[in-house]
Amino acid sequence: MRCKITNKQLNPFMSFGKMPIANGFLNKNDFSKEFFFNMEIGFNEEIGLFQLNDHPKPETMFNKNYPFFTGSSVYMKAHFKMYAESLKKFLKSDSRIIEIGSNDGTFLKNFVDSYENVLGFEPSKNVADKAMKQNIPTENIFFNRENVRNFKEYLGNTDLICASNVICHVPDLKNLIEAVDLLLSKSGTFVFEEPYLGSMFERVSYDQIYDEHIYMFSVTSVSKIFEKFNFVLVDVFPQITHGGSMRYVIKRKNFKDKSDNVKKTLITERDRKLDKIESCLNFKENCELSKLKIIKKIKAFKEEGKSICGYGATSKSTTILNYCNIGTNLIDYICDTTTEKIGKFSPGMHIPIKNMDYFKKNQTDCVYLFAWNHKDEILNKEKDFKGKWFSHVEV
Ligand code: TMP
């Protein structure tokens with residue numbers, strides 16, 4: 001793929017093989033028409049950007065059946081409430097606020113009572129509908145330069161644009177940043193948080209890589225990308241969400257008050273070689289080792305006659321199951337709370353998805369915690385489970 005920012009061709013350094021749509025949970029009669037793509041990753045050293053070489057069209061992933069609801073995690077709801085609180089310092093009582101990829105409105109809900117001009121852009125109809133039902137102003141369209149032009153009262157007049165776990169989904173970053181430029185007021189703030197490259201390398205949580213996650217950002221890459229568009233990265237805040245994320249605060253170039261966090265993190269990233277292909281090659285080796293280790297572990301459970309299920313039919317689990325070739329010969333089922341996934345089968349490996357009742361009634365010996373990023377919340381709920389929890393990452 002050609003990088004939209006530097007116009008350079010990407011050279012993949014690793015392939016995860018054929019992958020289906022990570023959130024494409026499907027019915028049995030759709031198995032034969034399932035879509036697969038070759039999931040390769042590359043690294044653009046000029047801007048320090050880790051990215052997929054190719055990816056399915058956004059419309060294939062974000063449509064009327066998107067099966068992920070932000071509000072499905074109590075911890076994430078609390079996180080978004082605190083996130084929203086921390087942003088109120090950027091706002092006046094009449095400020096306009098936009099969220100990119102506003103999902104079911106979990107985040108914007110924290111603003112609608114105190115601010116009149118709040119707007120979410122959400123391309124997936126089912127989740128957008130859920131937000132609208134709660135009176136959270138939502139447009140069921142993609143956030144891009146062409147679409148935002150229609151919101152005249154927001155152009156050059158929006159004090160806060162936010163996003164969470166969304167910017168890494170957007171193939172055309174140039175178009176996205178130009179849309180932000182059209183909307184943001186002179187002293188406006190663009191804040192977004194995304195899974196962090198440094199955390200993924202540290203934990204070898206390669207399951208962060210899937211069709212929707214086109215980029216894995218670092219402070220280096222975000223700083224270099226936005227510099228090219230007359231913006232400046234003024235602050236960063238590490239987050240524990242999604243196994244390690246980073247919150248980025250962006251202002252227009254003329255903004256003077258830059259925090260030391262940015263400078264310090266840039267130095268740490270340079271020391272860790274997060275801006276160099278070497279760290280990627282090291283990560284590649286670690287992924288291959290992780291794959292061998294988890295297959296060995298699961299096979300050992302099987303040889304001991306243990307039953308195994310998965311917990312959390314996450315998009316991340318699609319990468320693990322397909323990369324490690326783990327199917328129903330090893331894992332009986334995956335339990336999940338999401339109505340849209342229950343009764344269907346996992347993408348690619350076709351493991352049945354069951355509800356929580358099934359999990360409670362069919363005590364399994366070992367549980368692969370695919371939703372490892374929600375470990376505290378889940379273990380708290382499942383105190384009565386007497387079997388063994390395991391995962392490919394230390395949590
Ligand atoms: P995520 O890792 O992308 O946030 O996806 C989490 C998935 O795990 C989602 O399908 C909902 C599911 N889940 C449960 O089944 N039970 C839980 O307690 C939590 C927190 C999530």
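In each ligand, atom 1 is the first atom listed, and ligand 1 is the first ligand listed.
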Would you kindly say whether [X] and [Y] are connected by a side-chain donor-acceptor distance under 3.5 Å?
{"X": "E146", "Y": "N175", "answer": "yes"}
{"X": "Y333", "Y": "T328", "answer": "no"}
{"X": "T6", "Y": "N44", "answer": "yes"}
{"X": "E193", "Y": "H79", "answer": "yes"}

Flag this pair as yes if the NZ/CZ of K291 is under 6.0 angstrom from the six-membered ring centre of Y323 and inside a 45 degree cone about the axis; otherwise no.
->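 Judged by the rule (NZ or CZ under 6.0 Å from the ring centre, within 45° of its axis), K291 counts as positioned above Y323.
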Would [X] count as a polar contact of ligand 1, with the cut-off being nitrogen or oxygen pairs under 3.5 Å?
{"X": "K341", "value": "yes"}
{"X": "Y311", "value": "no"}
{"X": "K316", "value": "yes"}

Evaluate whether atom NZ of K109 has more than 12 neighbouring non-hydrogen atoms of other residues, nucleotides or ligands under 6.0 angstrom away.
->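 Not buried by this count: 12 neighbours or fewer within 6.0 Å.
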Does M76 come within less than 4.0 angstrom of ligand 1, counting non-hydrogen atoms of the residue?
->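 Contact absent.
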Among protein heavy atoms, which sits nearest to atom 3 (O) of ligand 1, and what does the distance come to when rounded to 0.1 Å?
->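 Its nearest protein heavy-atom neighbour is F68 CE1, 3.7 Å.
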Sequence neighbours excluded, which residues qualify as side-chain contact (heavy atoms from CB on, under 4.5 Å) partners of D275?
->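 T220, R270.
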Side-chain donor or acceptor of R203 paired with backbone N/O of E394 under 3.5 Å =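 A pair under 3.5 Å: yes.
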Which ligand 1 atoms are under 4.0 Å away from a heavy-atom of M356?
->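 Near M356, meaning under 4.0 Å from one of its heavy atoms, ligand 1 has 15 (O).
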Short list, please: which atoms of ligand 1 are under 4.0 Å from a heavy atom of H374?
->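 Near H374, meaning under 4.0 Å from one of its heavy atoms, ligand 1 has 1 (P), 2 (O), 4 (O), 6 (C), 20 (C).
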Is ligand 1 under 4.0 Å from a heavy atom in the side chain of D336, in the backbone, in both, or in neither?
->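 Within the 4.0 Å criterion, D336 contacts ligand 1 through backbone and side-chain atoms alike.
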Considering only heavy atoms, does N373 approach ligand 1 within less than 4.0 Å through its side chain, its backbone, both, or neither?
->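 The answer is the side chain of N373.
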K381, H242, K375: member with heavy atom nearest to atom 18 (O) of ligand 1 |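 Considering heavy atoms of K381, H242, K375, the nearest to atom 18 (O) of ligand 1 sits in K381.
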N23, T337, T314: member with heavy atom nearest to atom 5 (O) of ligand 1 |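 Nearest heavy atom to atom 5 (O) of ligand 1 lies in T314.
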